[in-house]
Amino acid sequence: MTESAVDSSWQDLLEREFAQDYYCDLMVFLEKRKAAGANIFPPQRVWFSALASTPLTDVKVVILGQDPYHAEGQAHGLCFSVLPGVKTPPSLKNIYKELHRDLHLPIPRHGCLDSWAKQGVLLLNTVFTVEEGKAGSHQGKGWERFSEALISTLNTEREGLVFMLWGAQAQKKGADIDQDRHLVLRAAHPSPLSAHRGFLGCGHFSQANAYLRARGQQAVDWQIPVLPEPAFQLIP
């Protein structure tokens, strides 16, 4: 996905950030790492999948992740999501467990969250790239400033959003969100290391929908659609 594929509602913000020195420095860093042989995920064409899938004007809910999955074939630009056919990661399994407990929805058999993004759930990582096998390898290089600009724009230009802040890092990023304008929900991160400390049982999905309905908005259908079975072709 190229920058031109991002929905036009984000363009003013992107043009402003792309012109900043920090962003130019970030691009130089990434080019140097690629030249040095680093395998960077996700592919550049899908860095901004979240912004392509969810226009600024359509955002209802914001879920903040950290950095992308760092194994081959997992990350595709939406936080916590993986493409169909990829094994569901542990954190997403816990998200599904809470979804089942909270809304009694069936546990999905795949990990693609594209259906949420298309309904206005912005699945935003705070760092957009990572190197293979090296979690957090691109933290502190400039992506945080970029994602902070996105969060600030949502905070000031929109009203009545639901921010789901899971874990200390997401909560730090969301510290300046105006709680008179938006609903801010906080819980532990869904990682197996911390999910039992308050994520499981948090009820964020039902709380988000109750808030949206109270404001006259359509609730999010959190149920993940069943994917069609692949067609099998007989080889003569």
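All values below come from the heavy atoms of this structure, side chains included, with hydrogens, waters and symmetry mates left out.
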For this session: Anything under 30° is parallel, anything over 60° is perpendicular, the rest tilted; go ahead and classify Phe205 against Trp116.
Result: tilted

Exercise. Do the side-chain N and O atoms of Thr129 and His138 include a donor-acceptor pair separated by under 3.5 angstrom?
Worked result: yes

Exercise. What are the two closest heavy atoms between Met164 and His204, and how far apart are they?
Worked result: CE-O, 3.6 Å

Exercise. Within a reach of under 6.0 Å around CG of Asp178, are more than 12 heavy atoms found that belong to other residues, nucleotides or ligands?
Worked result: yes

For this session: Determine whether Asn94 and Phe80 make a side-chain contact, defined as any pair of heavy atoms from C-beta on separated by less than 4.5 Å.
Result: no

Problem set entry | Closest approach of Ala75 to Pro43 (non-hydrogen atoms, all atoms of both residues) | O-CD, 4.4 Å

For this session: Using only heavy-atom distances, determine whether the side chains of Tyr22 and Glu17 contain a donor-acceptor pair under 3.5 Å.
Result: yes

Exercise. If we only count heavy atoms from C-beta on, is the Arg16 to Thr153 side-chain gap below 4.5 Å?
Worked result: yes

Problem set entry | Within 6.0 Å of CG in Asn39, more than 12 heavy atoms from elsewhere | yes

For this session: Might you point out which heavy atoms bring Pro90 and Pro192 nearest each other, and give the distance in Å?
Result: CB-CG, 3.4 Å

Exercise. Got Leu122 and Leu161 here, is their nearest side-chain heavy-atom distance under 4.5 Å?
Worked result: no

Exercise. Are the ring centres of Phe146 and Tyr23 closer than 6.0 Å?
Worked result: yes

Problem set entry | Over 12 foreign heavy atoms within 6.0 Å of CD, Glu132 | yes

For this session: Answer yes if the side chains of His76 and Ser81 hold a donor-acceptor pair under 3.5 Å, and no otherwise.
Result: yes

Problem set entry | Crowding at NZ, Lys172 (>12 non-hydrogen neighbours, <6.0 Å) | no

For this session: Would you name the heavy atoms of Leu212 and Gln218 that are closest together and state the gap between them?
Result: CD1-O, 4.1 Å

For this session: Determine the interplanar angle of the Phe18 and Phe48 rings, folded into 0 to 90°, and report it as parallel if under 30°, tilted if 30 to 60°, perpendicular if over 60°.
Result: tilted

Problem set entry | His110 versus Cys112, closest heavy-atom pair with distance | ND1-N, 3.2 Å

Exercise. Trp143 and Phe128: aromatic ring centres closer than 6.0 Å?
Worked result: yes

